[in-house]
Structures are given as structure tokens and as C-alpha cells.
2 protein chains.
Amino acid sequence: MATAVAVTISDAEWRVMRIVWTLKQTDSRTIINLLAQQHDWKPATIKTLIGRLVKKGALDTTKKGRQFIYTPLIPEQNAMDTALTNELDQMCAMHRGTAIAHVLEQTEMSKADVQNLIDVLAKKLPTAPDAVHCDCLPDGCEGSCES
Amino acid sequence: MATAVAVTISDAEWRVMRIVWTLKQTDSRTIINLLAQQHDWKPATIKTLIGRLVKKGALDTTKKGRQFIYTPLIPEQNAMDTALTNELDQMCAMHRGTAIAHVLEQTEMSKADVQNLIDVLAKKLPTAPDAVHCDCLPDGCEGSCES
DNA sequence: AGTTACAGTTTACATTTGTAATCGGTCGGT
DNA sequence: ACCGACCGATTACAAATGTAAACTGTAACT
């Protein structure tokens with residue numbers, strides 16, 4: 001395994017990636033046009049973001065005449081998983097379930113997605129531990145860590 | 001409503017908050033001792049983080065003799081929700097469900113939590129739309145945006 | 001009363017991120 | 001053959017973040 005370093009994509013860069021992920025491949029012209037509509041970013045700003053993503057190894061480039069064609073080097077689902085997991089991992093293990101519950105309530109999802117989540121959880125239920133303990137303190141936070 | 005600005009807590013600051021959330025209230029001594037164990041941060045580093053959190057309005061201080069007692073000004077669950085929601089919101093609406101599925105698979109949760117999530121989803125199922133469309137492109141990404 | 005030890009504040013500095021102007025090369029048109 | 005439009009690269013700069021030393025004041029112990 002070579003590039004196991006899991007590139008970090010910043011918020012602004014994320015916007016660029018979404019365009020490329022969605023279009024599978026594009027040139028900077030298209031990216032700039034689309035993004036300049038959504039945000040009011042100057043073309044120069046978007047070029048910078050593209051440049052950084054290429055340097056970071058998130059986008060690949062293929063010379064096409066005078067310009068480049070950009071393609072994602074890291075899969076969207078992969079980036080999404082990593083971002084969410086990183087966020088969750090830095091939170092108290094005991095409270096993750098509740099946090100996810102709130103997120104589920106507020107996230108609009110298709111029937112199919114909801115059903116799929118139910119299935120995943122149903123499969124998870126049997127092996128789920130009776131309790132997951134707080135891991136906020138070095139030792140284990142016995143007693144002082146309720147609800 | 002005064003401070004509706006939703007303070008942003010950085011990764012390193014998050015560690016400090018977790019200590020305070022768990023202990024409900026503490027002094028810097030305790031925070032420093034606990035954190036110095038988990039990470040190898042110098043006391044000065046932790047002091048800086050505490051100071052920034054106070055300035056940001058995430059921690060409250062109460063003079064107690066020569067030192068301060070710190071208490072959380074923002075609730076943990078609230079911070080967790082905000083962090084996760086912000087992360088999710090910047091992702092393609094169409095793919096959020098799948099990403100959450102992956103996260104659910106990898107997150108250890110208690111039986112009670114899993115069951116709770118199932119309930120939340122079951123309640124959500126009837127009103128869930130048949131499809132949630134990709135919102136990565138300005139227009140709506142018809143056609144060019146499959147799974 | 002003097003000194004120590006530690007709490008909180010100020011200052012420091014490199015890196016990352018957001019935001020953007022400018023430069024340099026080239027493709028296409030006249 | 002030349003000029004302009006445009007692409008990608010270089011440079012810029014402030015704010016946030018990670019990491020930490022230095023400074024200041026004062027409570028506690030001798």
C-alpha cells in the first residue's frame with residue numbers, strides 16, 4: 001500500500017470535489033462555471049482549490065490539448081465515510097448513538113435508504129454490546145460519567 | 001436569543017471539552033493532568049486550548065480562590081449534533097444515506113442505542129420520500145448523476 | 001515575611017485554509 | 001505573424017489551528 005495517508009479535504013475543497021465526483025471528469029472551465037454560480041467565488045479562488053486538490057492527490061489530471069481533464073483519485077463514498085468517521089471518533093463513545101439518532105432525524109433520506117439503515121441496524125442488534133462506556137477520561141470514567 | 005452564533009470547536013479543543021463535559025466542572029489542573037496522559041501535550045498547550053474555549057464562549061469560568069472552575073457553556077449533545085450535521089450537510093444529499101449506513105456499520109453502539117435508531121427510522125419510513133436527488137450541481141444534475 | 005509553585009494571560013510561530021491577484025505560456029483567431 | 005483569451009502556476013495575505021514558551025500575579029508554606 002502506497003498512499004495510505006488518506007488525504008484531507010477542506011470544506012471549500014469539498015465543493016470542488018462534489019462537482020468532479022458528480023461529473024466523473026471535467027475541465028476547470030466547467031468547475032469554475034458551476035461553482036461561481038453556487039458561491040460567489042472568483043475564478044482565481046477556484047483555481048487555487050483545484051490546484052491544492054491535485055497537489056494533495058485528491059484529483060488526477062490528464063493533459064487534453066492546452067488544458068487538463070480532472071478526475072477524482074479518491075472515491076466520494078470513501079471521502080464521506082472518512083469524514084464522518086473522523087468526526088464521530090473524536091466524540092465520546094458512549095454518546096455517539098444519541099448523536100447519530102439526532103442526525104438521522106434531521107437528515108432527509110429516501111425510503112430505500114431508510115429501509116437499508118434499518119436492515120443494517122437489525123443485523124447489528126444481536127451482536128451489539130449491552131453498553132458502550134464513556135472514553136473521555138484516560139482511565140475509564142467510572143461513576144463520574146452518567147447519561 | 002443572544003449568542004446564536006454556534007461556536008466552532010476545533011479538534012484539539014474538542015479533547016478539552018470532553019473532559020469538562022464528562023466531569024461537569026473542573027479546574028485546569030485536572031484538565032491538564034488528564035489530557036497530558038492521553039496526548040503528549042505540554043501544560044502550556046492545554047492552557048492555550050482552555051483559554052481559547054473560554055474566549056469562544058464554549059466554557060464558563062467561576063473564580064474559586066486563586067483558580068477557576070470551568071463548566072461547559074454549550075451542551076455536549078448539542079456540539080455533537082452540530083458537528084455531524086455540518087459535516088453531512090456539505091455532502092451530496094443523495095449519498096448521505098449510504099454514508100450513514102457505512103458509519104453505522106463501523107460504530108459500536110449499545111443494544112439500546114441500536115434499538116432506538118431502529119425506532120427512529122421506523123417512524124421516519126412512512127414519510128420518507130421515494131428519492132432524494134443529488135444537489136452537487138447548481139441546476140439539479142439530471143441524468144449525469146447516477147449512484 | 002519571603003519564596004515557591006502554580007493559575008491564568010500574553011506572545012510566538014509554523015501550518016492549513018479561505019480568498020484572490022498576477023504571471024507566464026499557448027491555442028485560436030485575424 | 002500577432003494579439004487576445006484562457007489555462008495552469010506562482011505569489012499573497014489574513015484568519016484559524018496546533019503547539020508551546022515566557023510572563024505575571026498571588027496563594028500557600030516555611
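Quick note on labels: first sequence line is chain A, next is B, and so on, each numbered from 1.
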*For atom CG of B:Leu35 and atom C1' of D:dA20, their distance in whole Å*: 15 Å
_I want to verify a distance call: between C:dT19, C:dA12, C:dA20, whose nearest atom is closest to the A:Ala44 side chain?_
C:dA20
*Expressed in angstrom and rounded to an integer, what is the separation of B:Lys42 atom NZ from C:dG8 atom P?*
20 Å
*What nucleotide, of D:dG8, D:dA20, C:dG18, holds the atom closest to the side chain of A:Tyr70?*
D:dG8
*Within the structure, does a side-chain N or O atom of B:Thr8 lie under 4.0 Å from either OP1 or OP2 of D:dA16?*
no
*Closest to the A:Thr45 side chain: D:dG18, C:dA20, D:dA21?*
C:dA20
*Rounded to whole angstroms, how far apart are CD1 on A:Ile46 and P on D:dC7?*
12 Å
*Describe the nucleic acid contact of A:Lys55 in one word from base, sugar-phosphate, nothing, applying a heavy-atom distance below 4.0 Å.*
nothing
*Shortest side-chain distance from B:Arg52, nucleotide among D:dG8, C:dA12, C:dT19*: C:dA12
_What contact category does A:Asp27 fall into here, base, sugar-phosphate, or nothing, at under 4.0 angstrom with non-hydrogen atoms?_
nothing
*Establish whether the base of D:dA20 is bridged to the side chain of B:Thr48 by a donor-acceptor pair shorter than 3.5 Å.*
yes
*Just checking, is any N or O donor in the side chain of B:Asn86 or B:Gln90 under 3.5 Å from an acceptor N or O on the other one?*
no
*Mapping B:Lys47 and A:Asp40 onto DNA chain C by nearest heavy atom, which one lands closer to the 5' end?*
B:Lys47
_Is there a side-chain contact between B:Met109 and A:Ile100 in this structure, where contact means two heavy atoms from C-beta onward sitting under 4.5 Å apart?_
yes
*asked:* Please verify the inter-ring angle class for B:Trp41 with B:His39; under 30° counts as parallel, over 60° as perpendicular, anything in between as tilted.
replied: parallel
*Can you tell me how far P of D:dA21 sits from CD1 of B:Ile32, to the nearest Å?*
13 Å
*Report the distance from atom CD of A:Gln38 to atom P of C:dT19, rounded to the nearest whole Å.*
14 Å
*Would you check if there is a donor-acceptor pair between the side chains of B:Asp27 and B:Thr30 at a distance under 3.5 Å?*
yes
*Whole Å only: how far is the NZ atom of A:Lys63 from the C1' atom of C:dC27?*
12 Å
_Is there a side-chain contact between A:Arg29 and the phosphate of D:dC7, meaning an N or O under 4.0 Å from OP1 or OP2?_
yes
*Rounded to the Å, how far apart are B:Ile50 CD1 and D:dT19 P?*
15 Å
_B:Ser28, nearest nucleotide to its side chain (from C:dG8, D:dT17, D:dA20)_ = C:dG8
_Interatomic distance, A:Gln67 CD vs D:dG8 C1' [rounded to whole Å]_ = 10 Å
*Where A:Leu84 and B:Ala99 come nearest, the two heavy atoms and their spacing*: CD1-CB, 4.0 Å
